[in-house]
There are 2 protein chains.
Amino acid sequence: MALTHAILTALLEEDLTGYELAKQFDVSLGFFWTASHQQIYQTLKRLYAEELVTAREVSQTGKPDKRVYSLTDSGRRSLDAWVLSETKKRKVTDELFAKLYTVGHSSTAAVIDAVIQRQHDHREKLALYRKIESRNYAAPLKLPDQRKGVYLALLAGIRQEEASLLWCEDALSLLVSVSRVG
Amino acid sequence: MALTHAILTALLEEDLTGYELAKQFDVSLGFFWTASHQQIYQTLKRLYAEELVTAREVSQTGKPDKRVYSLTDSGRRSLDAWVLSETKKRKVTDELFAKLYTVGHSSTAAVIDAVIQRQHDHREKLALYRKIESRNYAAPLKLPDQRKGVYLALLAGIRQEEASLLWCEDALSLLVSVSRVG
DNA sequence: CGGTACATGTAATCTGTTACATGATTCA
DNA sequence: TGAATCATGTAACAGATTACATGTACCG
């Protein structure tokens with residue numbers, strides 16, 4: 001039950017709606033956590049039932065009403081307990097690498113296309129992360145403590161995207177040496 | 001249904017038992033795919049029912065009997081179709097980064113411990129990958145085509161582990177600047 | 001008139017995790 | 001004698017995905 005805690009940590013800083021959470025999981029949180037809006041709404045519903053969050057309805061003009069969630073004391077305690085618990089290993093599933101295992105047996109062209117697509121994605125993510133970094137995290141040591149962890153998560157994202165981009169170049173240059181198969 | 005294809009790609013190269021597959025998912029495949037032995041046995045059972053793999057029982061002396069799986073033609077076609085299909089985005093869940101979001105609100109000591117633990121893990125993985133690289137993939141361009149993709153997957157693992165290790169150092173030096181909280 | 005952003009959800013299904021279950025061999 | 005490795009599985013439950021469902025506002 002770890003999406004629970006990913007949501008609760010996001011609510012530590014500010015109150016959010018399901019929609020806003022989904023957007024955050026799509027961008028800044030995206031490189032270390034992915035979740036669809038359906039999953040988020042379902043989890044928020046459960047969190048509300050368990051009284052780890054509260055919700056208030058906010059009417060808006062020119063936009064649909066929204067439901068803003070905030071942490072409760074109980075949610076806060078649950079988070080604290082989770083931080084002290086053992087950290088689970090990173091879980092990854094990436095089809096791209098599984099497809100690489102088929103090189104020489106199946107269509108290499110398809111794999112090359114997949115790498116190029118991935119290269120575009122990494123470039124976009126990196127540009128986004130760097131923009132966020134230069135706007136909000138230019139002087140890490142001077143950040144207030146509550147922002148330091150968020151900065152480090154961002155930095156990890158930047159490093160991962162950079163490493164992935166370098167890899168994409170190496171991958172493409174090696175893949176063109178593969179005779180067409182499949 | 002992507003574990004399906006991750007298993008099928010592993011069977012492209014050689015026939016394997018569920019146990020061997022589980023080990024591979026734990027080590028060399030581990031950085032881009034994780035799966036427990038329970039999940040693997042369940043999936044193999046389904047794959048067998050769908051005739052994407054066949055199995056033969058092998059008796060051993062001094063060891064339990066084992067069940068060795070191989071790809072069928074139908075499994076092979078399923079793989080080919082999958083390679084041509086759109087590549088899904090990488091899916092990640094990593095509690096460590098979620099925990100970073102709690103810095104300044106909760107126990108920083110616990111987060112530091114988690115980073116140190118992760119640093120050990122990355123060092124071990126990197127050492128393993130480098131050993132595999134120097135033993136089997138010293139001259140990438142001279143590899144047979146079927147090994148090039150596998151090498152690239154390994155290289156991605158090496159790059160990721162290196163980037164992660166650099167990050168761990170930066171993270172630890174910034175985290176010690178956080179006043180003790182929680 | 002069409003697309004995008006805002007905003008929230010349910011139902012059915014599929015996938016993955018946790019707990020349970022067994023049993024031989026080898027090494028210290 | 002106890003731990004590790006080999007080897008395979010089931011059952012119950014939790015978590016995630018896919019398909020379906022609705023509706024407004026704003027921009028071009």
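Just the heavy atoms: all of them, side chains too, but no hydrogens, waters or symmetry mates, feed the values below. Numbered from 1 within each chain, the chains take letters A, B, ... in sequence-line order.
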Ring pair (Phe, Tyr, Trp, His ring centres under 6.0 Å) with B:Tyr101: which residues, sequence neighbours excluded? A:Phe32
State whether the side chain of A:Ser134 and the backbone N or O of A:Arg130 hold a donor-acceptor pair below 3.5 Å, judged by distance alone.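 Between the backbone of A:Arg130 and the side chain of A:Ser134 there is a qualifying donor-acceptor contact (under 3.5 Å).
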Between A:Lys99 and B:Val83 (side chain of the first, backbone of the second, donor and acceptor by atom type, cut-off under 3.5 Å), is there such a pair? yes
I need the [atom1]-[atom2] distance between [X] and [N], as an integer number of Å.
X       : N      : atom1 : atom2 : result
B:Ile7  : C:dT15 : CD1   : P     : 12 Å
A:Lys23 : C:dA7  : NZ    : P     : 7 Å
B:Asp65 : D:dT8  : CG    : P     : 9 Å
A:Glu86 : C:dT18 : CD    : P     : 12 Å
A:Phe25 : D:dA16 : CZ    : C1'   : 13 Å
B:Gln24 : D:dA7  : CD    : P     : 14 Å
B:Lys88 : D:dA16 : NZ    : C1'   : 11 Å
A:Lys91 : C:dT18 : NZ    : P     : 6 Å

Please identify each residue that fulfils side chain to side chain contact (heavy atoms under 4.5 Å, CB included) with A:Leu128, with sequence neighbours left out.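 Listed in chain order: A:Val27, A:Ile132.
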Quick note, ring-ring contact (aromatic ring centres under 6.0 Å, His included) partners involving residues 154-178 of chain B, not counting sequence neighbours, are B:Phe97-B:Trp167
Just distance, no hydrogens or angles: give the donor-acceptor pairs under 3.5 Å from side chains in residues 42-52 of chain A, sequence neighbours left out.
residue	atom	partner	partner atom	Å
A:Thr43	OG1	A:Gln39	O	2.8
A:Arg46	NH1	A:Glu50	OE2	3.4
A:Arg46	NH2	A:Thr4	OG1	2.9

Contacting residues from residues 13-21 of chain A, given that a heavy atom lies under 4.0 angstrom of DNA chain C: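 Close to the strand are A:Thr17, A:Gly18, A:Tyr19.
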Under 4.0 Å, heavy atom to any atom of DNA chain C: which of residues 30-46 of chain A qualify?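 The stretch gives A:His37, A:Gln38, A:Tyr41, A:Gln42, A:Lys45 as the residues lying under 4.0 Å from the strand, ordered by number.
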Regarding B:Arg90 and A:Glu161, does a basic nitrogen lie under 4.0 Å from an acidic carboxylate oxygen?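 Looking at A:Glu161 together with B:Arg90, the answer is yes, because their closest N to O distance falls below 4.0 Å.
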A side-chain contact here means heavy atoms from C-beta on lying under 4.5 Å apart; do A:Ser70 and A:Arg56 qualify? yes
With a 4.5 Å limit on heavy-atom distance, are the side chains of B:Leu174 and A:Leu141 in contact? yes
